[in-house]
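Residue numbers begin at 1 in each chain, while the letters A, B, ... track the order of the sequences.
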Number of protein chains: 2
Amino acid sequence: MQDSTERLFQAHEFAARAGVTIRTLHHYDRLGLLKPARRTAAGYRLYGARDFARLQQIVTLKFIGLSLKQIKELLDGREFDLATTLRLQRWLLSEQRRRLDLALAAIERAERLTAEHGAPDWDAFKQIVEVITMSDMDWTKKYYSAEAQARIAERAATIPREVVEQGQRDWAALIKECEAAVAESVDPASERAQGLAARWAELLKGFTGGDPAIQEGLNKLYADKANWPASMPKFFSDEVQAFICQAAAVRKNRQE
Amino acid sequence: MQDSTERLFQAHEFAARAGVTIRTLHHYDRLGLLKPARRTAAGYRLYGARDFARLQQIVTLKFIGLSLKQIKELLDGREFDLATTLRLQRWLLSEQRRRLDLALAAIERAERLTAEHGAPDWDAFKQIVEVITMSDMDWTKKYYSAEAQARIAERAATIPREVVEQGQRDWAALIKECEAAVAESVDPASERAQGLAARWAELLKGFTGGDPAIQEGLNKLYADKANWPASMPKFFSDEVQAFICQAAAVRKNRQE
DNA sequence: GATAAGGTCTGACGCAACGTCAGGCTCAAG
DNA sequence: CTTGAGCCTGACGTTGCGTCAGACCTTATC
């Protein structure tokens with residue numbers, strides 16, 4: 001299978017060609033993300049063309065913001081699908097960009113105020129950020145009480161790693177199953193749909209940290225699906241959304 | 001000085017009001033960033049109104065992307081000026097935003113291609129990122145040789161923390177002195193200007209990692225200041241730029 | 001063949017900003 | 001007085017490598 005005459009590169013040249021450091025190669029090796037094709041008798045790493053291709057995939061996926069763990073699962077191809085991952089990642093990046101824009105706006109206004117006032121104006125600066133972060137919460141007001149909003153804000157900062165990345169696989173898998181169910185025109189009141197709705201609720205519970213006030217808001221969200229805010233994640237199709245809303249409604253009725 | 005009747009809050013309520021976790025307060029306490037006004041006999045932290053104001057400043061500065069170390073230096077007020085920091089930070093954030101846009105564009109194109117092709121197209125995906133990162137390097141081609149570009153790319157990823165944040169204070173201080181020199185119409189050939197140019201070169205050397213090929217490119221950059229690329233940092237005025245260019249030119253002549 | 005220079009190897013610790021136990025106090029209510 | 005809830009202080013985990021440190025390998029030179 002392997003061409004025994006294939007040219008192999010030592011770490012130094014290989015790393016230079018790929019634009020990464022040797023230490024990075026060591027790191028990927030230990031993670032099992034990229035193992036060299038061979039080792040010399042002395043233990044030196046030797047990389048081949050296939051390694052190069054894989055490293056380029058790694059670099060590409062890293063460029064769009066995936067973690068090394070995600071990249072490993074993707075490239076090892078175990079039940080992780082690229083399309084859904086890309087949709088999720090696109091949403092994550094767009095969120096980051098929105099927050100960056102807010103920060104930039106805050107800085108620019110603070111600079112203007114400082115220039116006008118002659119000296120840095122802390123109160124104004126603080127207010128700017130407050131206003132900006134308030135406007136960031138606009139849509140939550142429709143659905144959440146004041147205390148729930150505070151707790152959401154508290155959790156919001158801790159979410160990125162904890163849930164989004166750790167649970168990304170769970171969401172991706174669940175959404176995929178929902179899509180399948182939609183494709184098969186499964187009845188939202190059926191056993192299968194109810195199971196999906198239950199898992200969906202479970203994931204949301206993890207997302208909300210089990211806070212009852214927040215879950216109350218989510219129930220309201222379910223109630224009028226037409227009003228799902230634009231800033232909510234949209235990594236699933238409208239059909240899936242409608243399906244899960246109906247199933248959740250049925251589920252709620254039965255529980256009452 | 002202190003109002004002995006001032007209302008003090010315990011960690012739990014204080015944290016909730018400020019929208020941070022208790023653990024964050026512990027962290028800031030250990031860093032010396034925010035010490036509680038008092039402690040009870042049992043060691044419980046008690047925070048006052050001034051602590052609240054300071055915490056809000058911290059949160060604000062964190063929102064615009066400053067590190068805790070930078071925030072501490074700013075709030076402790078030792079030779080760190082807000083105006084320059086804001087300019088530097090604005091540039092940093094705009095750079096981040098540019099890279100985010102590139103990643104988003106890559107994802108969107110990859111999604112389109114995947115949809116058209118039916119299956120994920122790794123080669124196309126890889127190419128997209130390559131093209132994007134290439135266009136990212138456009139201006140460097142004018143000044144750097146091929147090998148130097150490779151090394152720049154290699155270093156580019158390692159720079160954010162290492163130089164920008166660590167050396168930010170040095171740059172800010174130097175730029176400030178240059179502005180003063182410009183304001184006093186100091187002769188670029190004078191002893192003082194030459195000292196500034198030497199320090200400038202020293203910082204750049206740190207920035208380039210002492211790579212001679214990269215420094216060669218920087219010399220070319222000095223030569224025709226009119227051609228400074230738009231993507232280069234612009235946290236100093238045109239006057240400072242002209243001043244440092246002239247001083248560097250004089251310095252170069254003398255060294256030859 | 002010895003030696004010096006330079007590249008490689010494997011740990012192990014460092015960094016940013018906290019989260020998350022774990023074990024031990026403290027405090028208010030019943 | 002007990003119980004539960006909240007606070008305290010370490011100490012380790014996280015992410016993606018950088019940066020030594022000590023030991024080994026290879027190559028060129030004398």
Side-chain angles (χ1 to χ4, degrees), chain A residues 8-16 18-36 38-47 55 58-59 61-63 65-73 92 154-166 168 206 209, chain B residues 8-16 18-36 38-47 55 58-59 61-63 65-73 92 154-166 168 206 209:
Chain A
L8 295 175
F9 296 91
Q10 235 172 307
H12 180 67
E13 187 172 359
F14 185 74
V20 303
T21 70
I22 293 182
R23 191 60 186 75
T24 301
L25 294 180
H26 290 176
H27 192 55
Y28 293 171
D29 191 356
R30 184 149 52 214
L31 292 185
L33 188 54
L34 178 67
K35 297 268 182 203
R38 265 192 343 106
R39 294 263 200 155
T40 69
Y44 283 29
R45 293 174 176 81
L46 293 176
Y47 293 89
L55 181 53
I58 294 171
V59 170
L61 293 172
K62 206 156 67 70
F63 178 78
L66 295 188
S67 73
L68 294 185
K69 193 193 300 181
Q70 291 177 311
I71 292 173
K72 183 166 160 53
E73 290 176 349
L92 274 178
E154 191 169 336
R155 284 192 58 76
T158 84
I159 289 208
R161 293 278 157 71
E162 188 179 328
V163 171
V164 175
E165 196 165 298
Q166 221 181 71
Q168 192 153 321
Chain B
L8 294 175
F9 297 90
Q10 230 167 306
H12 180 67
E13 187 172 359
F14 184 73
V20 303
T21 70
I22 292 182
R23 192 60 186 77
T24 300
L25 294 179
H26 291 176
H27 192 57
Y28 292 172
D29 191 356
R30 184 149 51 214
L31 292 185
L33 187 54
L34 178 67
K35 297 266 181 204
R38 260 189 351 102
R39 295 264 199 154
T40 69
Y44 284 28
R45 293 175 177 80
L46 294 176
Y47 294 89
L55 181 52
I58 293 171
V59 170
L61 293 173
K62 207 157 65 73
F63 178 78
L66 296 189
S67 73
L68 295 185
K69 193 194 300 181
Q70 291 177 310
I71 293 174
K72 184 165 160 55
E73 290 176 348
L92 273 178
E154 191 169 336
R155 285 191 59 76
T158 82
I159 289 213
R161 294 276 157 71
E162 189 180 327
V163 170
V164 176
E165 196 166 297
Q166 222 181 71
Q168 192 154 321

- Message: Distance check needed: D:dT15 P versus A:Leu66 CG, whole Å only.
- Response: 14 Å
- In whole angstroms, how far is the P atom of C:dA16 from the CG atom of B:Leu33? 13 Å
- On the 0 to 90° scale, with breaks at 30° and 60°, tag the A:Phe14-A:Phe9 ring pair as parallel, tilted or perpendicular. tilted
- Message: If I take atom CD1 in residue A:Ile58 and atom P in nucleotide D:dT15, what distance separates them, rounded to the nearest angstrom?
- Response: 17 Å
- Task: Check whether any side-chain N or O of B:Thr21 sits under 4.0 Å from OP1 or OP2 of C:dG19, and answer yes or no.
- Result: yes
- Please round to the nearest 0.5 Å and tell me the distance separating atom CD1 of B:Ile71 and atom CG of B:Leu34. 11.5 Å
- Take the protein atom CZ of A:Phe9 and the nucleotide atom P of C:dG7, then report the distance between them rounded to whole Å. 18 Å
- Item | Spacing between A:His27 atom NE2 and C:dG11 atom C1', to the nearest angstrom | 15 Å
- Message: Distance check needed: D:dC17 P versus A:Leu31 CG, whole Å only.
- Response: 9 Å
- Given protein heavy atoms under 4.0 Å, the one-letter contact record of nucleotides 5-12 of chain D, with B base, S sugar-phosphate only and - none, is simply -BSSB-B-
- Between atom CG in B:Leu34 and atom P in C:dC18, what is the gap in whole Å? 12 Å
- Task: Under the side-chain contact (heavy atoms from CB on, under 4.5 Å) rule, what do A:Tyr47 and A:Leu25 come out as? Steps first, then yes or no, please.
- Result: CA-CA 10 Å; A:Tyr47 293 89; A:Leu25 294 180; 3.6 Å; yes
- Item | A:Lys62 side chain near D:dG16 phosphate (N/O to OP1/OP2, under 4.0 Å) | no
- Under the side-chain contact (heavy atoms from CB on, under 4.5 Å) rule, collect the residues that match up with B:His26, sequence neighbours excluded. B:Ile22, B:Arg23, B:Arg45
- Query: Of all the nucleotides listed (D:dG18, D:dG16, C:dC18), which has the minimum atom distance to the side chain of B:Tyr28?
  - Reply: C:dC18
- For B:Arg39, check salt bridge (Lys or Arg N to Asp or Glu O under 4.0 Å) against everything at least two apart and list the hits. B:Asp29
- Query: How many angstroms lie between CG in A:Leu68 and CG in A:Leu33, if you round to the nearest 0.5 Å?
  - Reply: 6.0 Å
